[in-house]
Every structure is written in structure tokens, then in C-alpha cells.
Amino acid sequence: MKVTLSVIKADIGGYVGHSESHPECIAMGHKLLSEAKKIGKIIDYHVTKCGDDLELIMTHKKGTHSQEIHGLSWDVFVAATEVAKKLKLYGAGQDLLSDAFSGNIKGMGPGVAEMEIEERASEPVIIFMADKTSSGAWNLPLYKMFADPFNTAGLVIGESMHNGFVFEVLDVKENKRVLFNTPEEIYDLLLFIGSPARYMVRNIWHKDTKEISAVSSTQKLSYIAGKYVGKDDPVCIVRCQGNFPAVGEVLEPFAEPTIVEGWMRGSHYGPLMPVSMEDGVPTRFDGPPRVMAYGFQLADGMLVGPRDMFKDISFEPARQKANEMAYMLRKHGPFEPHRLPLEELEYTTLPQVMARLNNRWETNKD
Ligand code: 13P
Ligand code: 13P
Ligand code: MG
Ligand code: MG
């Protein structure tokens, strides 16, 4: 049976500041998606939040880029924004960069990750959701899951994965894409995805079967808006077991926190901390960046779950390490490498300050 899994998210208002989502906004999501389920527009749904981002997880039969599903998501975000406005939540409607829905929600502010799959006899999927970071944050963990045998034992000892995967990398600046075969082209791949602000892993396919294996949201808010409005706070769907990495191999990269861009004002590097939904509430210096992982078993399109995967106590040391890294970086205050380099700040908060000081810079005649 063919089923489409769509994860569409937006920051429609923060409670308090940028730290969390308000229960009434989540309730609005439930209300509208349960109505859509009742009339058969979607098969099933789960509404949740990661920090100040409202996350709509939906299954349906309409394929990716469906105008109907994107329109439904837009309607939910607009209705939740109305709730946010009534409560005067912070940045109500932050990610809705347009007044009216134009047919495809991509490019309008919300983040989108979708895959159409032939549902297997057992279809475990993990949905990653992050707050206070950017889409490139998935590059390193996706590389580890699908191309690093030190992370994924199955690449070596699992016959079904031995030939590797194909990575699609998007250049968000030039709006170009390229495909890399792994393992044979990992050095070329790493050259690009090692710069995650510009190059982002968007899709991964099984090399032999061509099955879609992982898909991430690559919408870059500041490029779309032309100015800083908030961070991208991306989502990512990963299929597990069988031809794909085991659930534990998919979660394993997050046991060692890495440094990603985002955090305060979207302008700092900070550690990506794996957390349960309850702990997905970034408050210290508006962070540090968080990642949640929800596991589902699909059953004829029904979302059996979620299991809150990072609730596991074995991720406790990662959280502790992330906190230590946060202290180390915070010590730098407004200095790099805590603050983003200037070229990155051009897409955030820098241009206004530069414009104001423009006349005071004189040519050095010394
Ligand atoms: P079980 O023996 O518990 O099914 O686990 C198999 C496996 O592949 C774990 O990664
Ligand atoms: P969000 O992108 O999560 O809204 O955070 C924005 C921000 O400025 C945090 O300091
Ligand atoms: Mg916000
Ligand atoms: Mg956010």
C-alpha cells in the first residue's frame, strides 16, 4: 500500500518568548486535523511541538507536494496564529511569510519533509524535530546513519545495506542539487555537507532498491524572507530496519552532541541536545538547540505511536555533555566561535548595524 508521510511545521507564536508552544495552539491543530481525518482527507495525524514550533505529522494518500495537504497545513497554521494573537504570544505568525496560500507551502515559511512510500510489512520511522537551529543540522547525523560504519554496523554486517546509499545535496544559495553515491564518493560528499549553512542533505535513497530512506526540510527562512525572522528549526524523517539502519543506528549519532548554528537570535553556535518532548523547552540563552525524536510504526497509514525516543536514560550523558559545551561556548559572549561568522550574520541581524555605521568607516591612509 502506498502512503505519504508529511511532516509540516511552523513557528506560529512562542510561549513565553521563543521557548515553548501554547497548549491552545496545539489544541487548534488537533481540532482541525481530526476534522480532516473524519472526512478522509488524511488517514491519521499527530500534532506536537518542539519548543516554539508547531509540528503536524500526517499520513495520507495524496503524494508529496499535495496542494490539498499543504493547504490544510496552512489553514491549521493560520487558525493557530489567530489563537496566538489572541493570547498575544511572542512572534505570532512568525513563519507565515505570506498573506494567502499559493498552492505549495514550500517557500512560504513553514518547514516541510515528506515521503511517499510503499508501506512494508513493518514500517518503523523516526521523525526528528529540532528547535533553535538550521536545516543543515541534519548533515552530520545523516552522514553517520547512512555512510559511517563506526555508527551503523549494518553497513558492514547487513547484506541489505552493504552497497550503500545515494545522498542528494542541495546548495541553498545557488538553488542547485547534486547526487553522491556512498561509500565510493564520501570524500566529495563531505567536502560540501561539511559546510551545512549552504549545503544540506535533502534526500537519501537506497542505492540498489532506490527506496526513499530519509528526507529533511531544507527551507531556509532568512533566504525566503530576505531578512532574519527566526531560525529554520528543521524536521527530518528516517525509515528504519530492513534495508535501512536499525532504530538504534538512527538514534546513535545524537549520543555525541555536535555544534550547530542557531541558539540566541539564530546567530550563535551551540550544542544540539537530544531531549524528550517535555524537555524540548529551550530557555537558557534561548537554547541550547534541541532535537526530539518520535518513533512510529505505520500500520496501513495509521501512526502507531509516538514513542519519545530520546527519553531513554542512555541519552542522559549526551545532555550533560551538551550542557558542558554550552558553558564553554557561552564564555565567548559576542566573540566567534560562539557568535556566527560575519558572512553568516549577513542573513541574520548584521545588515542593519552595518548600514548605520557605513559612513563612519574611513579609508586607512597610514
Ligand atoms: P532483536 O533481536 O531484539 O529483534 O534485535 C535485532 C536487531 O537487529 C537490533 O538492532
Ligand atoms: P525561533 O527561530 O525558534 O523562533 O527562535 C528565534 C530567536 O531569536 C531565539 O533567540
Ligand atoms: Mg519563535
Ligand atoms: Mg523555533
Side-chain angles (χ1 to χ4, degrees), residues 9-22 25 49-55 77 80-81 84-85 87-97 109-111 121-122 124 126 129-137 145 151-161 217 219-225 227-235 240-252 260-270 272-273 275 280-292 295 297 309 312 314 326 330 334 338-340 344-345 347-350:
K9 50 80 47 184
D11 178 344
I12 50 85
Y15 162 64
V16 172
H18 291 283
S19 66
E20 168 65 307
S21 304
H22 195 280
C25 297
K49 49 95 190 177
C50 182
D52 61 0
D53 290 87
L54 185 59
E55 314 272 349
F77 294 140
T81 297
K85 280 185 178 157
L87 298 171
K88 295 181 78 172
L89 298 184
Y90 196 70
Q94 177 183 286
D95 289 0
L96 308 188
L97 304 178
S122 180
I126 304 284
M129 297 163 270
D131 189 30
K132 304 294 177 277
T133 187
S134 158
S135 307
M145 287 173 216
N151 179 88
T152 298
L155 293 167
V156 179
I157 60 178
E159 191 54 40
S160 63
M161 283 196 285
S217 63
Q219 286 71 39
K220 197 145 164 125
L221 264 183
S222 51
Y223 283 9
I224 300 168
K227 64 176 187 333
Y228 179 70
V229 284
K231 252 318 184 216
D232 315 320
D233 301 338
V235 289
C240 310
Q241 307 292 148
N243 286 343
F244 312 111
V247 166
E249 291 167 337
V250 168
L251 299 174
E252 180 64 8
V260 296
E261 64 165 57
W263 209 344
M264 174 59 74
R265 297 171 189 277
S267 304
H268 294 81
Y269 284 114
L272 186 59
M273 184 190 282
V275 290
V281 281
T283 54
R284 183 187 176 190
F285 200 55
D286 286 3
R290 308 290 153 116
V291 56
M292 286 164 41
Q297 291 284 155
M309 307 306 278
D312 181 357
S314 61
R330 282 298 301 127
H338 184 25
R339 204 196 64 191
L340 295 189
E344 272 301 303
L345 281 186
Y347 299 98
T348 59
T349 38
L350 182 74

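Read the numbers this way: they start at 1 and go in the same order the structure lists the ligands and their atoms. Side chains are part of it too, since the values below use all heavy atoms of this structure and drop only hydrogens, waters and symmetry mates. Fair warning: this is a prediction, and the values are worked out from it, not measured in the lab.
- The nearest pair of heavy atoms linking A92 to A84 is CB-CB, 3.9 Å.
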Check: Does the pair V235 and E55 meet the rule for a side-chain contact (heavy atoms from CB on, under 4.5 Å), with working shown?
Finding: CA-CA 9 Å; V235 289; E55 314 272 349; 3.1 Å; yes
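- At least one N/O/S atom of D52, whether from backbone or side chain, sits less than 2.8 Å from the Mg ion (ligand 3).
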Item checked: Derivation and outcome, side-chain contact (heavy atoms from CB on, under 4.5 Å), residues S134 and K220 -> CA-CA 8 Å; S134 158; K220 197 145 164 125; 4.2 Å; yes
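- Residue Y90 places its OH atom among 12 or fewer non-hydrogen atoms of other residues, nucleotides or ligands, all under 6.0 Å distant.
- For K85 (side chain) and G93 (main-chain N/O), no donor-acceptor pair under 3.5 Å exists by modelled atom type.
- Near ligand 2, D11, H18, D52, Q94, D131, K132, Y228, G230, K231, D233, W263, M264, R265, D286 each place a heavy atom less than 4.0 angstrom from the ligand.
- The Mg ion (ligand 3) sits nearest to atom ND1 when only the N, O or S atoms of H18 are considered.
- No side-chain donor-acceptor contact under 3.5 Å links D232 to the backbone of P234.
- Residue-level check: among N/O/S atoms of D11, OD2 sits closest to the Mg ion (ligand 3).
- Aromatic ring orientation, H338 versus H268: tilted (interplanar angle from 30° to 60°).
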